[in-house]
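Below is one structure, written out as structure tokens; the observations come after it.
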Amino acid sequence: MHLQQTDDRISLPQNPTDLFDSTNIVKICAPMVRYSKNLVRKYGCDLCYTPMIVAADFIKSAKARDSEFTTNHEDQPLVVQFAAKDAHVLADAALLVCPFAGGIDLNCGCPQRWAMSEGYGACLINQPQLVSDMVKQVRSRVENQRFTVSIKIRIHADITKTVDLCQKAEAAGVSWITVHGRLTEERHQPVHYDAIKVIKDSLSIPIVANGDIRSLKEAETVHQITGADGIMAARGLLANPAMFAGYEETPMSCIKDWVDIALEHGTPYTCFHHHLMYMMEKITSKQEKRVFNVLSSTSAVIEYLRDSYAM
């Protein structure tokens with residue numbers, strides 16, 4: 001096993017379900033590429049997910065494990081999200097990461113064509129028995145009873161089908177369910193928060209609401225509408241990693257923190273620059289964007305920030 005670690009001092013994984021024991025909304029960062037878990041944790045994020053990893057590739061390839069799963073002693077609590085369609089494969093992947101993470105999540109919500117064609121992602125919402133079997137297999141093979149197994153789903157046009165899926169997963173032992181309140185074929189249509197409320201009212205395990213949440217105020221509103229125990233944000237956190245701390249736009253302290261983190265960890269320039277472009281979208285003019293977006297080196301970015309913002 002060759003899991004790349006950014007620090008040798010790996011602490012015991014924290015149990016994410018402890019977060020749901022509080023009366024506070026659990027604030028969660030969605031599975032995304034090109035974002036910093038370290039950064040969002042500095043600004044009020046309670047729980048982070050890894051980007052989605054294809055479980056079959058992960059268990060077969062040391063190279064995949066080294067490139068797709070990195071963690072350190074501060075990276076807790078952490079959930080590793082897998083794309084899977086076979087119970088044995090998902091359990092194998094869970095066994096590999098359980099010493100380093102608090103739980104795994106099964107992606108049942110990705111609507112991308114490649115994922116659906118491979119039998120992954122949102123097509124699984126139409127296979128409740130398979131989803132239940134995968135949850136059960138992980139539960140039975142991971143000895144740590146506090147290791148969590150969650151799922152992230154989209155909804156059906158007939159919400160009773162989604163409730164049935166969720167109730168079957170609950171009976172199988174799922175720890176919590178994240179609900180993206182859109183149909184598989186919907187992209188930018190309004191989120192069906194009423195459907196999330198129906199699911200919340202039908203289950204006894206924690207429910208996390210997801211979809212178009214771009215500020216702490218919106219998170220609180222969605223919590224009030226749905227009764228959800230947690231709120232998961234994606235693009236909102238890319239644009240403003242300090243969102244969960246109550247900032248309406250990215251504060252300069254957050255930009256400075258990202259520069260420090262990127263320099264400390266040797267973040268590749270394209271990722272470093274790309275993340276800053278998202279973060280500075282609301283606080284830069286068109287002219288400033290034209291200049292900043294074509295910068296081609298870390299030193300050029302740092303010089304720009306120093307000259308423009310006295311960082």
Side-chain angles (χ1 to χ4, degrees), residues 1-7 10-20 26-38 40-41 45-110 115 120-121 124 131 134-153 169 173-178 180 206 208 210 230 232-234 237:
M1 184 66 191
H2 299 287
L3 287 179
Q4 181 185 353
Q5 299 160 15
T6 55
D7 196 295
I10 298 294
S11 59
L12 289 174
Q14 295 177 21
N15 181 10
T17 51
D18 291 344
L19 296 169
F20 293 102
V26 181
K27 299 182 285 294
I28 304 171
C29 186
M32 293 186 292
V33 295
R34 290 191 295 273
Y35 89 100
S36 167
K37 300 193 294 295
N38 287 352
V40 295
R41 289 189 195 279
C45 186
D46 300 311
L47 175 61
C48 289
Y49 281 49
T50 68
M52 183 180 73
I53 301 168
V54 177
D57 296 339
F58 191 77
I59 64 174
K60 288 177 186 174
S61 166
K63 185 177 180 181
R65 293 193 289 277
D66 288 346
S67 65
E68 296 194 41
F69 181 62
T70 58
T71 189
N72 59 53
H73 71 289
E74 297 175 341
D75 193 19
Q76 296 289 336
L78 177 68
V79 169
V80 182
Q81 191 188 66
F82 285 112
K85 56 184 177 182
D86 178 280
H88 189 81
V89 168
L90 181 62
D92 283 348
L95 287 168
L96 288 173
V97 300
C98 67
F100 306 95
I104 61 119
D105 183 83
L106 173 63
N107 186 312
C108 303
C110 179
Y120 300 136
L124 290 173
V131 171
M134 287 195 273
V135 171
K136 286 178 184 175
Q137 180 88 240
V138 176
R139 277 263 172 259
S140 66
R141 291 183 55 202
V142 175
E143 291 183 6
N144 179 3
Q145 294 302 302
R146 286 170 59 78
F147 189 77
T148 64
V149 186
S150 56
I151 63 174
K152 184 173 186 291
I153 67 170
V174 81
S175 305
W176 71 84
I177 298 173
T178 300
H180 183 112
V208 174
N210 173 231
M232 177 181 281
L237 281 171

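These numbers were taken from a predicted model, which means no experiment stands behind them.
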What is the minimum heavy-atom distance between [X] and [Y], and which atoms define it?
X	Y	answer
A115	C110	CB-SG, 3.9 Å
N210	M232	ND2-O, 3.0 Å
A64	D57	CB-O, 3.8 Å

Would you find a donor on one side and an acceptor on the other, under 3.5 Å apart, between the side chain of [X] and the backbone of [Y]?
X	Y	value
R41	Q76	yes
N107	A83	no
Q145	E143	yes
S61	F58	no
D46	K27	yes
T50	Q81	yes

*Salt bridge present between D75 and K37 (N-O < 4.0 angstrom)*: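 K37 and D75: salt-bridged.
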
Could you tell me whether the side chain of [Y] reaches within less than 4.5 Å of the side chain of [X], counting heavy atoms only?
X	Y	result
L124	M134	yes
V208	V26	no
Y49	I104	no
V131	C108	yes
P77	L19	yes
V80	F100	no
S150	L106	no

_Donor-acceptor pair between S36 and N38 side chains, under 3.5 angstrom_ = no

*With no hydrogens and no angle check, do the side chains of S175 and R139 hold a donor and an acceptor under 3.5 Å apart?*
yes

Enter the distance from [X]:[atom1] to [Y]:[atom2] here, rounded to the nearest 0.5 Å.
X	Y	atom1	atom2	value
F147	T17	CZ	OG1	11.5 Å
N144	C98	CG	SG	7.0 Å
D105	I53	CG	CD1	11.5 Å
E68	F82	CD	CZ	9.0 Å
C29	L237	SG	CG	4.5 Å

Donor-acceptor contacts, no H, no angles, side chain residues 89-97, under 3.5 Å, sequence neighbours left out:
from : atom 1 : to   : atom 2 : distance (Å)
D92  : OD1    : R141 : NH1    : 3.1
D92  : OD1    : R141 : NH2    : 2.5

*Who passes salt bridge (Lys or Arg N to Asp or Glu O under 4.0 Å) against D18, sequence neighbours left out?*
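Listed in chain order: R146.
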
_Verdict with reasoning, V79 to W176, per side-chain contact (heavy atoms from CB on, under 4.5 Å)_ = CA-CA 12 Å; V79 169; W176 71 84; 4.0 Å; yes

*Kindly determine whether T178 and I153 satisfy side-chain contact (heavy atoms from CB on, under 4.5 Å), including the steps that lead there.*
CA-CA 6 Å; T178 300; I153 67 170; over 6 Å; no

*Who passes ring-ring contact (aromatic ring centres under 6.0 Å, His included) against Y35, sequence neighbours left out?*
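If we apply the ring-ring contact (aromatic ring centres under 6.0 Å, His included) test to Y35, skipping adjacent residues, there are no hits.
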
